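Dumping the structure here so I can ask a few things about it.
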Amino acid sequence: MNKEEIKTVLEILKKNYPDAKSELSFKNPFELLIATIMAAQSTDRQVNIITKKLFELYPSPEDMVKLSEEELGKLIKSSGFYRNKSKNILKACEILLKEHQGEVPKTREELVKLPGVGRKTANVVISNVFGQDAIAVDTHVFRVTNRIGIVKAKTVEATEEELMKKIPKDLWSEAHHWFILHGRRVCKARKPLCEICELRQYCIYNRKLRNES
DNA sequence: AACTCGGGGCA
DNA sequence: TGCCCAGAGTT
């Protein structure tokens with residue numbers, strides 16, 4: 001897909017998802033880290049509801065480590081996978097205190113060492129609160145961008161690199177949410193709704209479908 | 001590569 | 001009701 005087509009695709013997405021932005025607008029690194037760990041296989045909205053209360057009561061790793069797994073699990077239950085997450089979050093808090101003076105590390109290499117933190121979560125943190133160049137690629141971003149043909153990549157890492165080259169930097173954050181929303185509502189994993197998709201005429205995947213029929 | 005974790009969203 | 005999932009870790 002050439003530059004002009006990508007530009008057109010991004011314009012269509014912008015038009016269709018005008019208010020696409022994360023509900024997790026934490027500027028505090030610790031809060032963003034914990035909220036993002038919780039966001040795995042959950043929704044920003046759900047995590048936003050939980051964390052409002054949670055961070056009032058436990059605003060720092062010092063406060064949060066005082067919780068037991070059971071107590072934290074209860075508080076974050078509605079984000080799903082709460083046993084894993086509460087265990088990981090408490091362990092991560094311990095590591096922050098022991099090895100990082102209670103601060104959130106600023107590199108992806110250090111972040112992914114924390115339990116519950118993978119490449120996607122690390123990228124969210126370094127790009128949103130540490131001003132580093134990174135695009136968080138989740139399952140939707142990976143599927144949609146590859147399916148449409150904005151990128152051709154076999155791995156998440158390669159997808160990140162290509163996206164950073166092909167999407168203007170000032171659109172990275174918005175585009176992330178465009179792809180997610182489009183992936184959920186239209187460009188679904190199992191049965192994509194190509195017949196109602198406004199990207200149809202630019203989409204590599206749909207071109208193949210049309211050629212086959 | 002295939003599994004597990006889980007309550008919530010949505011048809 | 002039943003299906004699917006805004007990741008990460010383990011085997």
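Excluded from the calculations below are hydrogen atoms, water molecules and symmetry mates; all remaining heavy atoms, backbone and side chain alike, are included. Throughout, protein chains are lettered first and strands after them, A, B, ... in sequence-line order, and every chain is numbered starting at 1. Fair warning: this is a prediction, and the values are worked out from it, not measured in the lab.
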Review point. How close or far is atom P of dC5(C) from atom CZ of Phe142(A), stated in whole angstroms?
Key: 15 Å
Exercise for review: Measure from CG on Leu111(A) to C1' on dG7(C) and round the result to the nearest Å.
Suggested key: 15 Å
**Study point:** Expected output: side-chain Lys87(A) to main-chain Glu69(A) donor-acceptor under 3.5 Å
**Key:** no
Check your understanding: Is there a side-chain polar atom (N or O) of Arg119(A) under 4.0 Å from OP1 or OP2 of dG7(C)?
Key -> no
Review point. Can you check the Asn84(A) CG to dG6(B) C1' distance for me, whole Å?
Key: 9 Å
Practice item. Take the protein atom CD1 of Ile89(A) and the nucleotide atom C1' of dA8(C), then report the distance between them rounded to whole Å. Key: 13 Å
Exercise for review: Keeping the roles fixed (side chain from Asn146(A), backbone from Ala153(A)), state whether a donor-acceptor pair exists under 3.5 Å.
Suggested key: yes
Practice item. In whole angstrom, give the distance that lies between atom CZ of Arg185(A) and atom P of dA11(B). Key: 11 Å
Practice item. Please collect all salt bridge (charged side-chain N to carboxylate O under 4.0 Å, His left out) contacts where either partner lies in residues 22-43 of chain A, sequence neighbours excluded, each pair once. Key: Glu23(A)-Arg45(A)
Exercise for review: Test side-chain contact (heavy atoms from CB on, under 4.5 Å) on Lys165(A) and Val151(A) and set out the steps.
Suggested key: CA-CA 10 Å; Lys165(A) 287 178 192 164; Val151(A) 300; over 6 Å; no
Practice item. Could you give me the CA-CA distance, side-chain angles and deciding distance for Leu75(A) and Leu67(A), then say whether side-chain contact (heavy atoms from CB on, under 4.5 Å) is met? Key: CA-CA 10 Å; Leu75(A) 292 170; Leu67(A) 287 166; 4.3 Å; yes
Point to revise | Stretch residues 37-47 of chain A: residues that reach within less than 4.0 Å of DNA chain C through a heavy atom | key: Ala39(A), Ala40(A), Gln41(A), Ser42(A), Thr43(A), Asp44(A)
Review point. Given dA8(C), is OP1 or OP2 found less than 4.0 Å from the side-chain N or O atoms of Thr121(A)?
Key: yes
Exercise for review: Sticking with atom P, work out how far dG7(C) lies from dC10(B), rounded to a whole angstrom.
Suggested key: 16 Å
**Study point:** Whichever of Lys120(A) and Arg190(A) has its nearest DNA chain C nucleotide further upstream toward 5'
**Key:** Arg190(A)
Study note, to complete from the structure: Between CG of Leu181(A) and P of dG9(B) the distance, given in whole Å, is 16 Å
Practice item. Please work out which residues in residues 12-32 of chain A have a non-hydrogen atom less than 4.0 Å from an atom of DNA chain C and list them by number. Key: none
Check your understanding: Are any of Tyr82(A)'s side-chain N or O atoms less than 4.0 Å away from OP1 or OP2 of dC5(B)?
Key -> no
Review point. Say you draw a straight line from OG1 of Thr51(A) to CZ of Phe55(A); how long is it, rounded to the nearest 0.5 Å?
Key: 5.0 Å
Practice item. Could you tell me whether the phosphate oxygens of dC5(C), OP1 or OP2, come under 4.0 Å of any side-chain nitrogen or oxygen in Arg184(A)? Key: no
Review point. Mind checking whether Asn123(A) and Ile135(A) have side chains closer than 4.5 Å, heavy atoms only?
Key: no
Study note, to complete from the structure: Residues at least two apart in sequence or cross-chain that pass side chain to side chain contact (heavy atoms under 4.5 Å, CB included) with Ile204(A), listed by chain then number, are Arg207(A), Lys208(A)
Check your understanding: Can you find a heavy atom in the side chain of Leu111(A) that is under 4.5 Å from one in the side chain of Leu33(A)?
Key -> yes
Check your understanding: Of the residues in residues 152-172 of chain A, which ones touch DNA chain B at a heavy-atom distance under 4.0 Å?
Key -> none
Check your understanding: Under 3.5 Å, side chain of Glu5(A) to main-chain N/O of Asn2(A), donor-acceptor pair present?
Key -> yes
So which protein N/O to nucleotides 9-11 of chain C N/O distances come out below 3.5 Å?
| residue | atom | partner | partner atom | Å |
| --- | --- | --- | --- | --- |
| dG9(C) | OP1 | Gly116(A) | N | 2.9 |

Review point. Is the side chain of Arg147(A) donor-acceptor paired with the backbone N or O of Ala189(A) at a distance under 3.5 Å, no angle test?
Key: yes
Practice item. Considering only atom P, compute the distance from dC3(B) to dC4(C) and round it to an integer number of Å. Key: 15 Å
Review point. Can you check the Lys191(A) NZ to dG2(C) P distance for me, whole Å?
Key: 17 Å
**Study point:** Gap between atoms CZ and C1', on Phe81(A) and dC3(B) respectively (whole Å)
**Key:** 12 Å
Check your understanding: dG7(B) and dT10(C): how far apart are their C1' atoms, nearest whole angstrom?
Key -> 22 Å
Practice item. Show your working on side-chain contact (heavy atoms from CB on, under 4.5 Å) between Asn128(A) and Leu24(A) and close with a plain yes or no. Key: CA-CA 10 Å; Asn128(A) 281 290; Leu24(A) 271 40; over 6 Å; no
Point to revise | From CA spacing to verdict: salt bridge (charged side-chain N to carboxylate O under 4.0 Å, His left out), Glu110(A), Lys113(A) | key: CA-CA 5 Å; Glu110(A) 289 300 319; Lys113(A) 290 179 185 172; 3.1 Å; yes
Check your understanding: So, for His177(A) and Ala20(A), which heavy atoms are closest and what is the spacing to 0.1 Å?
Key -> CB-CB, 3.8 Å
Review point. For the side chain of Arg143(A) and the backbone of Gly183(A), is there at least one donor-acceptor N/O pair under 3.5 Å apart?
Key: yes
